[in-house]
There are 2 protein chains.
Amino acid sequence: MNIGDVSQRTGLPAKTIRYYEEIDLVRPLRGENGYRRFREHDVHKLGFLGRARSLGFSIEDCRGLLALYEDDSRASADVRRIAKAHLERIDAKLARLGAMRATLAHLVEACAGDHRPDCPILADLALEEDSADI
Amino acid sequence: MNIGDVSQRTGLPAKTIRYYEEIDLVRPLRGENGYRRFREHDVHKLGFLGRARSLGFSIEDCRGLLALYEDDSRASADVRRIAKAHLERIDAKLARLGAMRATLAHLVEACAGDHRPDCPILADLALEEDSADI
DNA sequence: CATAAAGGTTTCCTTCACTGGAAGGTCAAG
DNA sequence: CTTGACCTTCCAGTGAAGGAAACCTTTATG
């Protein structure tokens, strides 16, 4: 299978697939013409990668998950540990993003949004400690 | 004021301040020794930048907000537009992240996390369309 | 007065996970 | 033969800095 077909089947851009080969996540064969030749195995691995990436796992996480996936004697605890650590990162990110959202929503609401220059959003960003407390 | 003092007062790393100078967000003077010399004005601006960045505004958003901040004849509607667009980006990110979290939490819960190799997390990532639907 | 530490300067390289483009080889159809 | 789709490699760039190297200036100490 050529890279175009694999791209279509996995939904990953060809560029990304070449990149994944470059960093040794996948090792397609090569045809006589120099084209990459992918086996089912490779396509399957790329699908796995795409799904793990779409869950936000880093490339290095993915490398670990793939290794575990291909290790029949793995302990599910190892996989769970990676996933839980990732879950905690997601939760931390959600908390930060939620706090941002709250502050920003509050400011946007407080801003008249008309032709006048008075703007609580800018006032807040310009805050000096002597004019503090919201 | 030297960069170290500014760094301490704003909480921004010196590296970041140099970077902000490089991309023309701030223009400190230079002393005879070549050191950057920051005025109160610059410190104020850097504080503004730090607060805007901590709300997740992109550098380019910050550039726009700074320009509006320094424009006495601005319309608050312009600021509000930038902030609302950012709020929408945050909401989109929150939605994506929340979906990720839900999927991942579900998988982590389903995984025994013991010495055995069976792992629903890997099983899900390895999904082929014929074994689909969770 | 000499020296050492602390803090400043520059430039270049690295990160993360791609993405885009240029220049060129290969293949199937008309 | 030509066109166009597909493939190849290589180079550069993204955002927002972080790190290291090599050097200069100021300040504190013996």
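All chains are named by letter (A, B, ...) in the order of the sequence lines, taking the proteins before the strands, and each is independently numbered beginning at 1.
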Should A/Arg36 and A/Glu21 count as an ion pair when the cut-off is N to O under 4.0 Å?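 Yes, charged N to carboxylate O under 4.0 Å.
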Between B/Asp42 and B/Lys45, does any side-chain N to carboxylate O distance fall below 4.0 Å?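 So B/Asp42 does not pair with B/Lys45 through a salt bridge.
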Pull out every residue in residues 29-36 of chain B that has a heavy atom closer than 4.0 Å to any atom of DNA chain D, ordered by number, or say none.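 Hits under 4.0 Å, by residue number: B/Asn33, B/Tyr35.
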Mind calculating the distance between [atom1] ([X]) and [atom2] ([N]) to the nearest angstrom?
X       : N      : atom1 : atom2 : value
A/Arg18 : C/dA22 : CZ    : P     : 16 Å
A/Leu25 : C/dC16 : CG    : P     : 13 Å
A/Met1  : C/dC27 : CE    : P     : 19 Å
A/Leu12 : C/dA17 : CG    : P     : 14 Å

Nucleic acid footprint by protein, nucleotides 10-23 of chain D - heavy-atom cut-off 4.0 Å, B for base, S for sugar-phosphate alone: B-----BSSBB---
Can you tell me how far CZ of B/Phe48 sits from CG of A/Leu125, rounded to the nearest 0.5 angstrom?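 Result: 4.5 Å between the selected atoms.
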Between NZ on residue A/Lys93 and CD on residue A/Glu88, distance to nearest 0.5 Å: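 The CD atom of A/Glu88 is 14.5 Å from NZ of A/Lys93, to the nearest 0.5 Å.
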Is B/Ile3 touching bases, backbone alone, or none of the nucleic acid, heavy atoms closer than 4.0 Å?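 It contacts sugar-phosphate atoms only.
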After noting the C-alpha distance and the side-chain angles of A/Glu32 and A/Arg37, does the key distance pass the salt bridge (charged side-chain N to carboxylate O under 4.0 Å, His left out) rule? CA-CA 10 Å; A/Glu32 305 221 331; A/Arg37 212 149 46 70; over 6 Å; no
Could you list the donor-acceptor pairs under 3.5 angstrom formed by side chains in residues 54-64 of chain B, with sequence neighbours left out?
from	atom 1	to	atom 2	distance (Å)
B/Ser54	OG	B/Arg51	O	2.9
B/Ser58	OG	B/Glu60	N	3.4
B/Ser58	OG	B/Asp61	N	3.0
B/Glu60	OE1	B/Arg63	NE	3.0
B/Glu60	OE2	B/Arg63	NE	3.4
B/Glu60	OE2	B/Arg63	NH2	3.3
B/Asp61	OD2	B/Arg89	NH2	2.6
B/Arg63	NH1	B/Ile23	O	3.0
B/Arg63	NH2	B/Ile23	O	3.2

